[in-house]
Amino acid sequence: MFVNAVLSGLTLGGVYALVALGLTIQYGVSRTMNLGYGEFLIGAAFAVFMLFGTLGISPYLLAIVIVPVAYGLSWLVYRVMLMPIVRRARSPMALEIDSLLLTFGLLFAMMGVLVLFFGGNYTSYSYLSVPVHLMGETVALNRLASFIAAVLVGALAYGLLMRTRTGMALRAVAVDPVGARLVGIDVTWAAGLAFGLGGAIAALGGVLISTYMTFTAEMGVVFTMKALIVVIMAGVGHVMGALIAGLALGLIEAFVAAYLDPGLTVAVIYAVFLLTLLMRPSGIFGKAAR
Amino acid sequence: MISRTPWPYALIVAVFGALAFTPLVASSFQLAFAIGCLNFMVLATAWGLFSGPTRYVSLASVVFFGIGSYTVAVLGEAMPWPAVLAMAALIGGAVALVVGLATLRLAGIYFVIFTFGLSEMVRQLVTWYEVNVTLSIGRYIFLDITQTQIFWQLLALLAVVLIGAVALQRSRLGFALRVIGGDETMARHFGLNPTFAKLALFVASSVIMSLAGAIMAPRWTYIDPAIAFNATLSFQVVIMALLGGMHRIWGPLLGALLMSFLFEALGSRFPQAFSLLLGLVFIVIVYLLPNGIVGRIEEAFARTRRAPDTPTVPAGERP
Amino acid sequence: KDATTPVKIGYAISLTGPNAGGAGTTILPNYQLWAHDLREKGGIKVGDVIRPIEIIEYDDRSNSEEAVKAVERLITQDKVDILLAPWGTALNLAVGPLFDRAGYIQATPTAITDRAPDLIKRWPRAFLLSGTAASWAEPVVELMAEARAAGHIDDNVAMVSVADAFGIDLAAAARKAFAEAGFKLTYDRTYPVGTQDFSSIMAEVRDTKAFVAFSYPPDTIAITDNAQLHNFSPNVMYVGIGGAFPMFLDRFGASADTLLTHGGLNLADERVKGYIDKHVEVTGRRPDSAGSIVMYAALQAMEQAIERTGSLKGDDIAAELKSGTFDTVLGEINLGSQMMPNIFKAGQIRDGWVVGLGPADASGRGDFVMPKAPWPAR
Amino acid sequence: MTDPILRLNGVRKAFGGLVAVNDVSFDLHRGEILGLIGPNGSGKTTTMNLISGAFGMDRGTITLDGAVISGLPANRVARKGIARTFQLLRLIDDMTVTENAAVGMAFRPGQPWNAELVTRCQTYLEVVGLADKAGLEVSKLTYIDQKRLELARALAMEPKVLLLDEWLAGLNATELRSGIEIIRKVRDMGTTIIMVEHVMSAIHSLCDRCVVMNAGGKIAEGTPATVLTDPHVVEAYLGEPHHA
Amino acid sequence: MLEVSGLSVSYGRHLALESAALTVAAGEIVVVLGSNGAGKSTLIKALSGLVAPHPGARVTLDGTALHKLPAHRIVEAGLALVPEGRHLFSTLSVAENLALGAFMPRTRAQAEASLERVFEVFPKLKQRLGQIAGTMSGGEQQMVAIGRAMMTCPKLLLLDEPSLGLSPLLTAELFRALPRIAATGAGVLLVEQNSHHSLAISDRGYLLEKGVITGQGAAADLLKSEEVQKAYLGM
Ligand SMILES: Nc1ncnc2c1ncn2[C@@H]1O[C@H](COP(=O)(O)OP(=O)(O)OP(=O)(O)O)[C@@H](O)[C@H]1O
Ligand SMILES: Nc1ncnc2c1ncn2[C@@H]1O[C@H](COP(=O)(O)OP(=O)(O)OP(=O)(O)O)[C@@H](O)[C@H]1O
Ligand SMILES: [Mg+2]
Ligand SMILES: [Mg+2]
């Protein structure tokens, strides 16, 4: 049972981590809260569902097309929709409120489009739902593959942010946009890049999740909020933290289900989240500046 | 800051006195719409009462609203109605006290998401309790409370909230909250205990929300945790208040009014494309109303007063 | 009113929100199908006059308050003549008082509550066609007993339920019925709405021969998928809502054969076949194997009652519904109990449909194939 | 000499491994102006923060008029009569000048909430020379006026002890003069002052005594004339001797 | 090297800078004097592209027109600013702050050498490379800000009150460092309240009053000018 819980926890947590990673990059750098984040995920899930159903191409291959498209769309959302309010914002607070309101609209608009096209019904298909035997336990190949993909992309993104110049620039913008401009960083470019990256990661998450989860056009918010929980728990903009917190939440969920009571999984997740914040008001890895 | 003019109170009493006659002239649908509207106006104003000056964006509205509803579901038939309301207020206030003590040191987005997490956890815990202790989920409310009575109760609640809000704005506590909202660290150094001030307001605002939940509950016959603690409500309240403009008492009120009409118009005309249109209209509104409705109104006033020929060049940042 | 004044038929239903999946499968297509029928006939026959129809549709967004408002709007603004019910227990109960006060018939197969007997007394024009939670749980237990008698399972049963009204009420009723039938629940747990990974649960129930899940559509899929994956193949297995939905049956295809689930049809009946064909033809989709046909039968009964009484008044129609018999896709029915008699509440999946098995007194029962066929290899 | 109004005894504060204030003790006498000087990062602001209760200390005690105030939260310390200005201005931008000044007065114990409060704030705005700008929004003030307002707000607390953290920084020589005049006026009103300052001319002309810090510790104490010629101080802080 | 003409800036309806014109030559230190609120920071921000000037302004650096460029391109063109309020990357380490100074491709190659130069001027930073910038004292942060600007290898360094909050020792060091920076061929444009000190190291100076440049001259002459002595030197 222990191994089973670990496996199921990791596969679950891997996806939490991945989805949170995208949001933490997006929010951390552009400082615009994107309530429509989860719609990118669900949008990608529907795209896979449709293309896989009609063309029969593997979802993982489809990701090669869908993820860049999501990058582009997300980038456009930032440039076209958010730039005007970024320009007019007189204070970080004003920007925070405006972006919240605006992406609230985006959330509904995107959800509305999905509902119009796909209806409000449950959607589900089966791909790579075959058992893999690991350490005497069984996991679904699609979940395992998602976990591996999540870890790979997580590591890649972490490397990008921590080890490359571009990554350092992104982090700099996250901390002080004016300062960033003064060292020659194009802040608009950085924010657009981060926004696009976030959207791309969300879409990848959607592709992966769609292979084993039943989804509806209106489930985006659920993922946005789950991701936010992880992001906040880790500390805004903390990439490694988001990965760790995501995995931890997945493991907690699995262990609660296995050893305590499946009925308490969600309650415990939130309890852990709330307790974490009570003890560390800026998240586990968040640093409070003076 | 310190003002004693009575006319805002008089205005509230007069307007609400007149509105009390609505049920005599309105159809039952209009009454239903008015009730929905009033409910959001109460919630948004109560939200703004705390969040406006302190700038703490709370997504916990539904926790207190739900507590109110659940109190009615559990105690509604066991007690006379005023006692039920009192219990709802009491429980809501007590929970707010605990929550407030624990959370009000969180800042910004951390507080926002914390309160969201809280509402989800409360929902899960109530569910778990019902499942494991009462062994049945979902409760029935059969109370002889008419729509008209609900309307009057909400109207009275809103009037009380507004009078309270005006009084607060002129009080030392109100001033304290503005200072805390401006700079909490600084506030401490001038003898202000931010925790106490914030807590007082948080509890007051939560009590109002609990009352709203209690008053509304008899409308639905049946409630379960998913209905009573539906996080959408928290979002709606925040969005309404922000849209209206939370730096004025009237902002959330107007926001709630506008959004209620918008929901109604879109929902009845275009049920299929409701989400899409709501989203688009909303985006447009945000572009057109940079400082909320109240901000726009104030701007318009300012413009009519200003000499028309002063040229202005915006000092924005270069792209 | 003359033959040119249209009869306004209105409903508020969950086009969006968590209920949209269920509403869009079980109820909405039947409203559309019925409207199509009526239009084909030139309208609805009120006594001797055929009057055209006009449909008014709103979205209650799966929200009680919205449902209340939308129904108020239908009643006082649109002044509909016929008001159709929303989807689900909560919303039907929320609008129940409005239907009752304004004197409309409220006919729904999607409100399952143990308070049903009280409610229909309180609301004399309400037809809670599906009855009580117990009436859905008991057939499941009956089937288990049958399997035990046949030697496929022993006294041990594992049960999980979704922590929402449906799951909890059915689990509670089942617990009682299982105890009465001499069964022992070796595992009895609830899980939160939205759970999609059941591998921990699968690991715990691994050795049980009988497994019952009172689940919602997404979890019904996940439970089945997880069971197949972990090759957990008990001799008897029951899954909850969604098992009778085309979406589920299409997704699992033949691999779901001999699984037990809710609802059930008498596929040998020509009228049932006719209904299915028409449903597919008009809405482009298959009906589910549970509530769909019940809803449609109720609409047919209502239509006939209107024709017979020549009145659109709820009281007249209700009186006729309670006293008369009606020729519907479910056969000759009478709604004197304000519930639908003779419908299947548990059945077995066979070739993409659910064959009705219980309760025992429902007519046209199919064969109960035991034990469950092993899962195909993946 | 009378008892000191404020006494620091063995005060220590570390941030992680960095000891910002290390075993610092000194007395503040009633009615004097004490200069707290030292190189950047030597722990001056931290010391001020410890006095005002911004954060708790690791060791040591601080007493005000004989009563221990260390360990109290900032708001309680403030109510006991210690006011401060901030090195980086902390005014509320969307409030008026009067309202900002009222922050100082409104939360003192026993202060009535009435129109008189506004009038009394006005007198402190006069002291710092802002009387004619009372109705303006803070964001419309120049930097020096904002600094003045910081002071007026602290004065409105009518404190026993006033902590000034680089209140004179960023003023040009002419403005500096008027700033010095204001501080002198405040002292003459009976307020005891600790000022952190890097502007030596101000230290010379205002301070009765100086405490010099370096790397968290106290390295010298005495009249400005003596400490500013102390070789340790010169080496660590001044670079070249300053004469009065 | 830097040529500015017709530079005006408004905040809303308030005209903070009116038709300013000035020049800075390579290797020259130029100081702008003015009382508080005169518009000094505004001038410097407009040059660096942090606020938008009115149309008609002209700013060129070695012939490159800057007034149309966004802030980050201006830095790339060789104009670096140490702003009022510093704008450090407060949650990043000192090392990262400095490294980011050399973010642009143009400056990367010389990053090592630039870093050495920074340590020469501010040796203390060498021991604090790992510290999170936001936890440093006011003066320490000022050092990081200047260091970061030096890392961008500017042709022209703009400093907005760099000695604010620095100890006398450090102020003196800073004012000794500026000529060294200028000696490498970079121009320095300085806004300072510390008029004695700044005039002492400057080649030329401008006087700014209420948004208007009211005078200019060689630093030595300004030091002697009675008007300047009265207004800025407190004599
Ligand atoms: N919150 C903190 N976390 C870590 N280190 C800190 C913190 N606050 C201060 N320090 C460190 O403590 C030391 C003392 O800082 P402090 O602000 O008291 O100096 P100061 O004497 O006021 O300097 P300045 O004259 O530059 O303002 C500095 O080295 C600083 O980096
Ligand atoms: N963002 C702004 N919005 C509105 N007015 C501003 C803004 N920034 C500066 N001002 C006003 O413009 C004028 C010039 O300000 P600026 O900061 O350039 O002065 P300064 O010479 O740098 O003064 P200081 O010595 O105080 O730094 C002042 O009156 C100031 O109040
Ligand atoms: Mg300091
Ligand atoms: Mg300036």
J.: Tell me whether the NZ or CZ atom of C:Arg73 lies within the 45° cone about the ring axis of C:Tyr58 and under 6.0 Å from its centre.
T.: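 The answer is yes, since C:Arg73 meets both limits relative to C:Tyr58.
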
J.: For A:Tyr122, is it the side chain, the backbone, both, or neither that has a heavy atom closer than 4.5 Å to a heavy atom of chain C?
T.: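 For A:Tyr122, backbone and side chain are both near chain C.
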
J.: Among C:Ala163, C:Gly17, C:Ala222, which residue forms the greatest number of heavy-atom pairs with chain A at distances under 4.5 Å?
T.: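 Answer, by heavy-atom pair count under 4.5 Å with chain A: C:Gly17.
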
J.: For C:Phe214 together with C:Tyr238, are the ring centres under 6.0 Å from each other?
T.: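 Close enough - the centres of the two rings lie under 6.0 Å apart.
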
J.: Heavy-atom cut-off 4.5 Å, strictly under: side chain, backbone, both or neither for A:Val222 against chain C?
T.: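 Looking at A:Val222, nothing touches chain C.
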
J.: Side chain, backbone, both or neither: which part of A:Asp261 has an atom under 4.5 Å from a heavy atom of chain C?
T.: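 Contact with chain C involves both backbone and side-chain atoms of A:Asp261.
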
J.: Is it the side chain or the backbone of A:Ala140 that comes within 4.5 Å of chain C heavy atoms, both, or neither?
T.: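 When you check distances to chain C, atoms from both the backbone and side chain of A:Ala140 fall under 4.5 Å.
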
J.: Between C:Asp257 and C:Arg350, does any NZ, NE, NH1 or NH2 come within less than 4.0 Å of an OD or OE carboxylate oxygen?
T.: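 Result for this pair is no, no salt bridge flagged.
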
J.: Quick one: which of C:Ser199, C:Ala23, C:Ala203 has the most heavy-atom pairs under 4.5 Å with chain A, could you say?
T.: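 Among the listed options, the one with the most contacts to chain A is C:Ser199.
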
J.: What verdict does the side chain to side chain donor-acceptor pair (under 3.5 Å) test give for C:Glu57 and C:Tyr11, after you've listed the backbone C-alpha separation in whole Å, the side-chain angles of each residue and the deciding distance to 0.1 Å?
T.: CA-CA 5 Å; C:Glu57 176 184 84; C:Tyr11 55 88; 2.9 Å; yes

J.: Do C:Asp225 and A:Tyr212 have side-chain atoms, one donor and one acceptor, less than 3.5 Å apart?
T.: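 There is no such pair between these side chains.
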
J.: So what's closer than 4.5 Å to chain C heavy atoms on A:Val266: side chain, backbone, both or neither?
T.: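 Both the backbone and the side chain of A:Val266 come within 4.5 Å of chain C.
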
J.: Chain C heavy atoms under 4.5 Å from A:Ser8: which part of the residue, side chain, backbone, both or neither?
T.: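 Looking at A:Ser8, backbone and side chain both touch chain C.
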
J.: Counting only non-hydrogen atoms closer than 4.5 Å, does C:Gln196 touch chain A with its backbone (N, CA, C, O), its side chain (CB onward), both, or neither?
T.: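 Contact with chain A: backbone and side chain both.
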
J.: For chain C, which candidate among A:Ala217, A:Ala267, A:Ser124, A:Ala5 shows the most heavy-atom pairs at distances under 4.5 Å?
T.: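 The residue among A:Ala217, A:Ala267, A:Ser124, A:Ala5 with the greatest pair count is A:Ser124.
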
J.: Tell me, side chain or backbone of C:Leu229 under 4.5 Å from chain A's heavy atoms, or both, or neither?
T.: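 Answer is both: backbone and side chain atoms of C:Leu229 are under 4.5 Å from chain A.
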
J.: What residue, out of C:Asp197, C:Asn19, C:Thr195, has the most heavy-atom pairs lying under 4.5 Å from chain A?
T.: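 Looking at each option in turn, the highest pair count goes to C:Asp197.
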
J.: Does the separation of the ring centres of A:Tyr127 and A:Phe52 fall below 6.0 angstrom?
T.: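 Yes.
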
J.: Could you tell me how the ring of C:Tyr191 sits relative to the ring of C:Phe198: parallel (under 30°), tilted (30 to 60°) or perpendicular (over 60°)?
T.: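 It falls in the perpendicular class, over 60°.
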
J.: Using the six-membered ring wherever Trp is involved, compare the ring planes of A:Tyr259 and A:Phe255 and label them parallel, tilted or perpendicular (cut-offs 30° and 60°).
T.: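 Rings of A:Tyr259 and A:Phe255: parallel, as their planes differ by under 30°.
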
